[in-house]
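Okay, structure first, notes after.
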Amino acid sequence: MNILIMGPAGSGKGTMSERIRDHFQIPHISTGDMFRENIKKKTGLGLTAQSYINDGKLVPDSLTVAMVKDRIDKDDCSAGYLLDGFPRSLPQAMELGKIATGDKSVDLVLNLTIPFDELVNRITGRRLCKGCGSIYHTISHPSKIEGVCDNCGGQLYQRSDDTVESLKVRLNEYENNTRPVLEYYSKKGLVVNIDASLPIDEVWQQVKRALGD
Ligand SMILES: [Zn+2]
């Protein structure tokens, strides 16, 4: 089964992607990782991407699409793939439609939805340890002593962009970019909305059901 997963940062997309990968035994293809790997291995596509990045330019869609095609054609994708972080815009979705055809075409789009207020709770309550990078949450996963890491005794801090204002900007941008993508796949009848505001195990049950398990 060929799956796209979509959802804003804080929706639990990373956790669901890991569970899908392990449970359904299909590779999780994050476009960020795919870029880093191509650049590290100095593939032709990686070198081209690097030259754009060095010039401070955006990597063109055609290059990203070529990398995705290359990746989903690999043997480990014969039983399907889980694509994460792509497509991010309507032109990318249309390009993907041209290269992912036949048994590579997208079967399902999982759309993790979460109300803004819940996203605010999740993100603004997040605390990180300066020492070991452990992640806490003031409500759902507090440290035993406020401001102090349970693991290493390090100081906890809040990321400077984990504020309501910057979250609003990020979410607006995300929604403006992905709305046309979701409309494109909705017309094909491929989108399944998942209520990602529920506890993780309940979200996972919805995902499994959507994937026919
Ligand atoms: Zn720590």
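All ligand and atom numbering here is 1-based and tracks the order in the structure. Counting begins at 1 with the first residue of the sequence.
Taking 4.5 Å as the limit, some side-chain heavy atom of Leu156 sits within range of a side-chain heavy atom of Ser143. Taking the side chain as every heavy atom from C-beta outward, Met34 and Ser30 never approach each other to under 4.5 Å. The shortest side-chain heavy-atom distance between Leu82 and Pro27 does not fall under the 4.5 Å cut-off.
Shown here are the protein N/O/S atoms lying under 2.8 Å from the Zn ion (ligand 1), water excluded: Cys129 SG, Cys132 SG, Cys149 SG, Cys152 SG.
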* Asked: Should Ile3 and Leu110 be marked as a side-chain contact (heavy atoms from CB on, under 4.5 Å) after you check the CA-CA gap, both sets of side-chain angles, and the distance that decides it?
  -> CA-CA 7 Å; Ile3 309 159; Leu110 291 174; 4.0 Å; yes
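Aromatic ring pairs are classed by plane angle as parallel below 30°, tilted from 30° to 60° and perpendicular above 60°; the pair Tyr136 and His141 is parallel.
In this structure, CG in Leu45 is found 12.5 Å from CD in Glu37, a value given to the nearest 0.5 Å.
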